[in-house]
Each structure stands twice: as C-alpha cells, then as structure tokens.
Visitor: 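Structure below; questions to follow.
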Amino acid sequence: QVQLVESGGGLVQAGGSLRLSCAASGRTFSSYAMAWFRQAPGKEREFVGGITWRGRTNHTDSVKGRFAISRDNAKNTLYLQMNTLKPEDTAVYYCAADHLSPYSYNIPRQTSGYGYWGQGTQVTVSS
C-alpha cells in the first residue's frame, strides 16, 4: 500500500518558519516528480512547488524567495522549508507524487499531474 504522510505543520507567527516533511512508503518515488500543494478554506487546491527526480525545482510566484522544496531520495522523503511566513500562507498543505512519467524533466502544476496524495497537514500563520 502506497502512503504519503506529511508532518511538520502547526501554528506560527507571521515572519516565522516551518519545515514540512512528506515520507513515502510502499514504493519509491526517486524516479518521479513530487510536489507540494495547498488549499485554503473556500479556495481551490493550488501548486506551491515541485521537484523533478533530478532535483530541478519550480515554485509558484507567491512563495519564491521564501519557500524551498527539496528531496532526499535515499530516505524517500520530500521537504518544504517555509520562511518568512505570511497569514495568507495559511492552508492545508499536501504532498503529491507523480506515478506515470518516470525520469521526466517536467513538473506538473495541475493536481491531475499527480496520482498519489498525502492526507495534508495544517499550517496556520497568525498576524
């Protein structure tokens, strides 16, 4: 059974930092793109950042310079370092893994580009 389990969410003041982790089990995703999405109440799930199997990254404009996605293939784990957090970053954060396109240099920005999802971790930024 494939599982993606996020951790590291919580409540933080504006300007603070959090590091999210996503541990994969049941199969390895070292050959596939992985990504972080987030969903705020009443809004659609949106792309935050993604990383190819080779480590090339792409982040949405609103988090560039503040967030950084990384991966440790030996640990089958995805990370999201979030710095200078803002109240508008408040959302449930989900990790996702592609399962159809190994060794691709593409980072899908749509939810349809990923076949596996975690259950989400809440991030709340107070002003």
Side-chain angles (χ1 to χ4, degrees):
Q1 180 183 2
V2 177
Q3 280 191 314
L4 299 177
V5 180
E6 301 97 337
S7 61
L11 174 63
V12 64
Q13 288 189 331
S17 298
L18 284 174
R19 189 193 194 203
L20 305 184
S21 298
C22 173
S25 62
R27 63 171 291 174
T28 179
F29 292 100
S30 60
S31 304
Y32 296 87
M34 297 186 75
W36 288 97
F37 285 74
R38 66 186 180 186
Q39 187 167 19
K43 295 188 176 181
E44 293 187 352
R45 193 168 297 188
E46 65 171 355
F47 175 83
V48 175
I51 186 168
T52 67
W53 66 283
R54 284 289 298 272
R56 184 179 74 87
T57 62
N58 194 347
H59 300 81
T60 194
D61 286 347
S62 63
V63 307
K64 282 181 181 177
R66 300 189 298 121
F67 291 12
I69 189 172
S70 61
R71 67 191 299 167
D72 184 337
N73 286 336
K75 295 182 178 180
N76 216 19
T77 300
L78 180 72
Y79 302 99
L80 183 67
Q81 178 65 45
M82 304 187 295
N83 300 324
T84 319
L85 282 159
K86 303 176 180 180
E88 52 263 44
D89 295 319
T90 295
V92 178
Y93 284 70
Y94 298 90
C95 74
D98 178 23
H99 70 304
L100 294 177
S101 305
Y103 308 112
S104 172
Y105 289 92
N106 180 48
I107 300 173
R109 285 177 167 253
Q110 304 81 17
T111 56
S112 58
Y114 300 89
Y116 292 104
W117 292 85
Q119 82 290 348
T121 186
Q122 176 71 46
V123 172
T124 303
V125 185
S126 63
S127 57

Visitor: With sequence neighbours excluded, tell me which residues meet side-chain contact (heavy atoms from CB on, under 4.5 Å) with Gln122.
Guide: Thr90, Val92, Thr124
Visitor: Are Val12 and Val63 connected into the same hydrophobic cluster when the rule is that any two of I, L, V, M, F, W, Y join if their side-chain heavy atoms are below 4.5 Å apart?
Guide: yes
Visitor: Do any pairs count as a side chain to side chain donor-acceptor pair (under 3.5 Å) and have a residue in residues 4-19, sequence neighbours left out, and if so which ones?
Guide: Glu6-Gln119, Ser17-Asn83
Visitor: List for me each residue that meets side chain to side chain donor-acceptor pair (under 3.5 Å) alongside Ser30, sequence neighbours excluded, and say none if there are none.
Guide: Thr28
Visitor: With Ser25, which residues qualify under side-chain contact (heavy atoms from CB on, under 4.5 Å), at least two apart?
Guide: Gln3
Visitor: Answer with yes or no whether the hydrophobic clustering places Phe47 together with Tyr93; edges join I, L, V, M, F, W, Y residues whose side-chain heavy atoms lie under 4.5 Å apart.
Guide: no
Visitor: For a 4.5 angstrom cut-off between non-hydrogen side-chain atoms, does Leu18 reach Phe67?
Guide: no
Visitor: Can you list the residues that meet the side-chain contact (heavy atoms from CB on, under 4.5 Å) rule with Arg27, with sequence neighbours excluded?
Guide: Val2, Phe29, Tyr32, His99, Tyr116
Visitor: For the pair Trp36 (side chain) and Tyr79 (backbone), establish whether a donor and an acceptor sit closer than 3.5 Å, ignoring hydrogens and angles.
Guide: yes
Visitor: Just to verify, what does Asn58 make a side-chain contact (heavy atoms from CB on, under 4.5 Å) with, not counting sequence neighbours?
Guide: Ile107, Arg109
Visitor: Apart from Leu100 itself, what residues make up its hydrophobic cluster, given side-chain heavy atom links below 4.5 Å?
Guide: none
Visitor: Enumerate the disulfide (SG to SG under 2.5 Å) contacts for residues 7-100, please, sequence neighbours excluded, ordered by first and then second residue.
Guide: Cys22-Cys95
Visitor: Give me each pair satisfying salt bridge (charged side-chain N to carboxylate O under 4.0 Å, His left out) with a member in residues 73-89, each pair once, sequence neighbours excluded.
Guide: Arg38-Asp89, Arg66-Asp89
Visitor: In terms of ring plane angle, is the pair Tyr114 and Phe37 parallel, tilted or perpendicular, where the classes change at 30° and 60°?
Guide: perpendicular
Visitor: Return each pair, listed once, that meets salt bridge (charged side-chain N to carboxylate O under 4.0 Å, His left out) where at least one residue sits in residues 92-105; pairs must be two or more places apart or across chains.
Guide: none
Visitor: Could you pull out all residues at least two apart from Tyr94 that satisfy ring pair (Phe, Tyr, Trp, His ring centres under 6.0 Å)?
Guide: none
Visitor: For Glu46 and Thr60, what are the C-alpha separation, side-chain angles and deciding distance, and is it a side chain to side chain contact (heavy atoms under 4.5 Å, CB included)?
Guide: CA-CA 9 Å; Glu46 65 171 355; Thr60 194; 5.6 Å; no
Visitor: Transitive ILVMFWY cluster of Trp53 at side-chain heavy atoms under 4.5 Å: who else is in it?
Guide: Tyr103, Tyr105
